[in-house]
Protein chains: 2
Amino acid sequence: MTIRESILHIYPLPEASLRLLMELLEPVQLRKGYILLQADKVEKEVYFIEKGIVRAYAEREDSDITFWFGQEGDIVISMRSYVDQQAGYESIELLEDCNLYRVHSHTLQQLFETDIAIANWGRRFAEKELIKTEERLISRQFRTATERYQELMQHQPGLLQRVSLGHIASYLGITQVSLSRIRADIR
Amino acid sequence: MTIRESILHIYPLPEASLRLLMELLEPVQLRKGYILLQADKVEKEVYFIEKGIVRAYAEREDSDITFWFGQEGDIVISMRSYVDQQAGYESIELLEDCNLYRVHSHTLQQLFETDIAIANWGRRFAEKELIKTEERLISRQFRTATERYQELMQHQPGLLQRVSLGHIASYLGITQVSLSRIRADIR
DNA sequence: CGCATTTTTTATCATTTGTAAAATGATATC
DNA sequence: GATATCATTTTACAAATGATAAAAAATGCG
């Protein structure tokens, strides 16, 4: 999926608006392990993923939990920085070498205020993420850990190949030991 | 908080846009127990809560889980209907007699396409809800049920007075029995 | 008030999940 | 090939939570 396609996949933009948005994007290549955004900082950049996979995680004392994976076509953002100019709760780590496109959050905000199609594109982006997050919250409660794992295998089989089971376990809301037990039981 | 204030609280609108939006709103009074929106239907209405409290819940076989409470100033919406014209996952039940304002989702969508301030208002609304939902997902994982309950008591003490503990327990992701134990331990 | 209904608490037992530590497996580097 | 490092699985035990049933308390209503 090209960047162009992934932008249009969120919300259809007229050619002029699309061009406005795409002109802002600067390509960046970064290596696996790089920390793209840091929690507790007001992050001013937004990234589009062309190639690679990243995780968003929140830290606490010794452990961290992964609550989002970003892949080709996804947008990486420090939500609280982007919305409220406040330090965010998430850090972003590259789990593979990545080809990204970067845009200053401020520049994007300016487009939102001047181009109505892009404002609606930004609206739709947030709405879609919201639906996905709510569904995960609900799934946590209705389904057992085993069911959630099987669901993930069905819907995102590629993820299992690209991401360590420790991160997957955290994403599913269980420990790695627990996930290992589940995998043994299913077998 | 008036409807006017709660709209502006989400995102500042110029007077003209605010008027456009408010003119669409029709007041409705409904009684406790009324089911405002139904899961598995494409719901065409959006509601603003002026007075009262509601819950969003998802059903499954015998049980249901509450994953959102709406109070004065909040907006009630079937997210998937609103975004994708698809049947939603949530039903909405009034937990008190409510004063609401209703607007057709379609009418609102038209405003989004013609008034850039309102489009950005809609964007900000979704973004704020997204942040709240992500934070809850993270909190589920980091904090024990006891901590989550104490957090809720601190941040939303009013909720405990207005909503049954069964719904609260479900919202916290535990059973009512479990919540009752927690309350006994804290005492 | 008195009865019926709903909500909340208490008790018991089964199950799930977490914690900690060790064992195994995989991969990279010298 | 030996060693170091990291990921995964396994084991044993402890703690948290769920399921169920029943009692107690609170609420609503004629």
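Since the model is a prediction, treat every value here as computed from it, not as a measurement. Convention: sequence-line order gives letters A, B, ...; per-chain numbering from 1. In what follows, every heavy atom counts, from backbone to side chain, and hydrogens, waters and symmetry copies are set aside.
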| Which whole-number value in Å describes the distance from B:Gln176 CD to C:dA11 C1'? | 16 Å
| said: Taking the nucleotide of DNA chain C with the nearest heavy atom to each, does A:Thr144 or B:Val177 sit closer to the 5' end? | reply: B:Val177
| Between B:Ile186 (CD1) and C:dT9 (C1'), how many Å, whole number? | 15 Å
| query | Is it true that A:Glu127 and A:Arg124 have a side-chain N and a carboxylate O under 4.0 angstrom from each other? | reply | yes
| Would you call B:Arg55 and B:Asp64 a salt bridge, using N to O less than 4.0 angstrom? | yes
| For atom CD1 of A:Ile182 and atom C1' of C:dT15, their distance in whole Å | 13 Å
| Electrostatic pair B:Lys32:B:Glu96 at N-O distance under 4.0 angstrom | no
| task | May I ask you to say what A:Ser164 touches in the nucleic acid, namely base, sugar-phosphate or nothing, with a heavy-atom cut-off under 4.0 Å? | result | sugar-phosphate
| For B:Arg162 and C:dT7, what is the distance between atoms CZ and P respectively, to the nearest whole Å? | 17 Å
| Atom CG of B:Leu179 and atom P of C:dT10: how far apart are they, to the nearest Å? | 12 Å
| query | What class does the angle between the rings of A:Trp121 and A:Phe48 fall in, given that below 30° is parallel, 30 to 60° is tilted and above 60° is perpendicular? | reply | parallel
| field | Protein-nucleotide distance (B:Asp185, atom CG; C:dT9, atom P), rounded to Å | value | 12 Å
| note | Nearest-nucleotide check on DNA chain D, B:Ala145 vs B:Lys32; residue mapping nearer the 5' end is B:Ala145
| Euclidean distance, atom CG of residue A:Leu172 to atom C1' of C:dT16 [Å, nearest integer] | 16 Å
| request: Kindly indicate whether a cation-pi arrangement holds for B:Arg136 with B:Tyr171, taking the cut-offs as under 6.0 Å to the six-membered ring centre and within 45° of the axis. | output: yes
| said: Please confirm whether the ring centroid of B:Tyr57 lies under 6.0 Å from the ring centroid of B:Phe67. | reply: no
| message | Does a side-chain N or O of A:Thr175 approach OP1 or OP2 of C:dG18 to a distance below 4.0 Å, or not? | response | yes
| note | To the nearest angstrom, the NE2-C1' distance between B:His167 and C:dT8 comes to 14 Å
| task | On DNA chain C, check which nucleotide each of B:Val163 and B:Arg181 is closest to and give me the residue with the more 5' one. | result | B:Val163
| said: With heavy atoms of chain A within less than 4.0 Å as the criterion, where does contact along DNA chain D begin and end? | reply: D:dT8 to D:dA12
| Is it true that the side chains of B:Glu45 and B:Ser105 contain a donor and an acceptor less than 3.5 Å apart? | no
